[in-house]
Structure formats: C-alpha cells, structure tokens
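The next block holds one structure in the form of structure tokens; read it before the comments.
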Amino acid sequence: MGPVSLALPVVADVAWFRVDDAGAAGTVRRAASALGARLGLSDERVGELAILAAELASNLYKHAEAGQVLLRSLRRGDDAGVGIVALDAGPGMANAELSRVDGHSTTGTLGIGLGAIGRLATSSDLYSLPGRGTVVTAEVWAAKVRGETAAVDGLSRPMSGESVSGDAWSTRLVERLQVMVCDGLGHGPLAAHASQTAVTAFREGPAGGPVAVVEHLHSNLGRTRGGALAVAEFDPDAGTLRFAGLGNIAGHLVRPGGAALERTGLVSLPGIAGHQRRTVREFTYPVEPGDLVVLHSDGVTDKWRLGEYPGLAMHTPLAIAATLLRDAGVRRDDATVVVVRVPSTSR
C-alpha cells in the first residue's frame, strides 16, 4: 500500500454482477468497456480495462465460489476512471503473491493471470485467506501510474432483488476530512432517493462540525422517507475523531498495532433523520495516524473482527471494506461498508 492521499475521488457504484456461468466474463467485459468509454478513457485504456475485467471474472468462474464483480465510476477533478472489485467466498489462494506474478495462470484463462492487474491497472490490491475467499480491487484511470491510496473508500450493495441500493456514503474536505453514511428507510428507489438527497446536501452544504452537518441533513431529508445517518470528522493534528449520528449506522475504531485488533464502538443516538430526532450529540475519540474507522449500515452484522483476517488491516480501505461486506453483509438488506485510515495530517 502506497502513501495515503486526501485527494478524494467521487465514487459511484454502477452495477454488481454475479459470476455463476461461463458467459459472465463477457458480460462484465462489455459493461466495463462501455463504462470506460462513457467516462472518456482512451481506446487503448478501454482495451486494457476490458482485458482486466474479463480476467477477473474468468478467474472467479473457474476458481471461486459465489463470485461477484462490482463496477464503479471514479472522478477526481477533470480525471475519470473505472474501479473494479472482485470478491468470492472461497476457497482462497494458497499463495497470493505468486498469483500476482504477471503470466502466472493455473488453468489458462487469458494466459496473463492476475499479474496483469499490476501491469494494466493504475492501482490495485489483493487480499486472500484460505477458507474465507479473495478480494481483488483495481482502478483504471487515464494514467497508468498513481502512487497514492485514498484515505477512505467503501462500497454499497443492494439487497437481493433490488437494482439500486438504499444506502449511500460520501466524503468531503471542509478544513478537515468528513465522511457521511446514510441508510434510506426501507429499500428500493424511494430509499435510494433519500440517501442520495443526503449525499447532495452533504457535498453542497455549509461547513460545520458533525452536529451541524447532521442537523443540516435532517432538514433536507424532510421531504423524503428519511433514514439513519452518521457523520465522522477527522482532525489528526489534534488527534481526535468527532462523531455524530441518528439511527443505526454503526461505527467502530480499530487500532491495527494491537495483536487482537480490539475495536471501540462509536455512539449514535436513536432517531430517523428527516422525521424523528432527539437532540443531536457529538462524541469525541482519540485517534492516531494509521488507525482504522469502520462505518456500516445495518445490512452488515457487527460480528466481524479484523483480528480474524491476518494482515488485512495493512491493506487498502477498499479491500478491507469489500472483505467485511462479503463476510458480514446480509442479502435481505442493503449493505454498505466504509473504511477510513486516519491520515497523518488534516490536508
């Protein structure tokens, strides 16, 4: 994992694909190519994106159980890219490092193996644990070289049978890094409308601490069905995390340095943003650079423990979030996981 960056991209989860038949690789490849072209990538980069997407999907079909692929659109200023997350429930890789060697392929997929990710992608990560499964992430931007890893990343998955997720998350820099997660009440388009209203109000709203931001979002959600939401603000210069929430968005602070990776729960108050609330309160927690903060909707059970995944805490926030979503996310609800690695500076 490279240096942590606060130059945060705007992320939108575009589509999830189940990889349960031989034709899935073609479906994922075509969808990735179309997304790359729509975002303005060059023909050369679209072609490389297509190879990468097909290789990931082919590997899932040939080697994995319950394989899934997520395509994401990424924007940073005038730059755009495509993100891919591939995850499965097993069997995991006996030698993940060997699998990343360019040209290594155990069953002759495209003859390039997972090592093609490191060659073709702008950035990538891979975490695999025998018996638990594998997560591979990749970003394809116009440029092939980008040495920074985002300080915060996450992903949302709609409940089974729904085409859109009622959950959403967002980030912004307003003097300090702020992260917001919203779980629109219920499921489907109306829940998605509520959470996207919260995203827009968060991105465009005035500067303020977590309490002020929650109050602002509450006032903007009044014409929607409402939802649960939480706002976290990071001030690494002061060594603090400030947190305020309404409803059941879970927050956990994890310090990777400890062998047990013990976690501290963040306090959120009962309520429905936009409709029912008590006085919003803010809670402050001490943090250190490199600490992890995990925020998730109630579509993810709180039984996960990072200590059960050796080495995962040192991977990118997206790889951590995808692993927790895979193992702790439930199918009968929308599910979102966001992971923040506390930066060393506010800027």
Side-chain angles (χ1 to χ4, degrees), residues 1-5 7-19 22-64 67-88 96-127 134-150 153 155 315-319 322:
M1 187 182 67
V4 172
S5 172
L8 304 171
V10 176
V11 179
D13 295 342
V14 175
W16 283 88
F17 300 87
R18 292 178 58 185
V19 182
T27 301
V28 172
R29 175 180 55 79
R30 288 188 294 272
S33 298
L35 178 58
R38 189 162 70 247
L39 291 173
L41 296 185
S42 68
D43 291 344
E44 178 184 5
R45 288 302 271 159
V46 169
E48 293 170 337
L49 171 64
I51 293 172
L52 193 155
E55 179 69 16
L56 284 175
S58 296
N59 271 282
L60 288 176
Y61 176 67
K62 291 178 177 292
H63 301 291
Q68 302 173 71
V69 173
L70 169 65
L71 294 181
R72 315 194 306 162
S73 71
L74 310 170
R75 293 188 181 277
R76 185 185 285 112
D78 295 331
D79 199 5
V82 174
I84 303 178
V85 180
L87 50 89
D88 65 73
E97 289 305 314
L98 178 61
S99 298
R100 300 190 71 167
V101 175
D102 202 5
H104 176 78
S105 181
T106 57
T107 58
T109 49
L110 294 180
I112 56 177
L114 290 177
I117 297 173
R119 177 166 51 85
L120 300 176
T122 304
S123 61
S124 64
D125 196 9
L126 183 155
Y127 179 79
T134 301
V135 166
V136 182
T137 70
E139 294 184 359
V140 177
W141 297 76
K144 289 187 179 181
V145 178
R146 186 184 297 274
E148 298 177 332
T149 298
D153 215 329
L155 65 171
H315 282 255
T316 61
L318 181 58

Show the nearest heavy-atom pair for residues [X] and [Y], with the distance to one decimal.
X	Y	answer
Leu74	Val82	CD1-C, 3.9 Å
Trp141	Leu41	C-CD2, 4.1 Å
Val140	Ala121	CG2-CA, 4.3 Å
Leu155	Ala322	CD2-N, 3.6 Å
Trp16	Leu70	NE1-CD1, 3.5 Å
Ala57	Val19	O-CG1, 3.4 Å

Measure the [atom1]-[atom2] distance between [X] and [Y] for me, rounded to the nearest 0.5 Å.
X	Y	atom1	atom2	value
Thr137	Leu87	OG1	CG	10.5 Å
Ile84	Leu49	CD1	CG	5.0 Å
Arg119	Leu52	CZ	CG	9.5 Å
Thr316	Asp125	OG1	CG	4.0 Å
Ile117	Thr122	CD1	OG1	12.5 Å

My understanding is that only residues two or more places apart in sequence, or in another chain, count here; which of them pass side chain to side chain contact (heavy atoms under 4.5 Å, CB included) with Arg29?
Ser33, Ala50, Ala54
Side chain proximity check, [X] to [Y], heavy atoms < 4.5 angstrom:
X	Y	answer
Leu318	Arg72	yes
Leu56	Val136	yes
Arg75	Leu39	yes

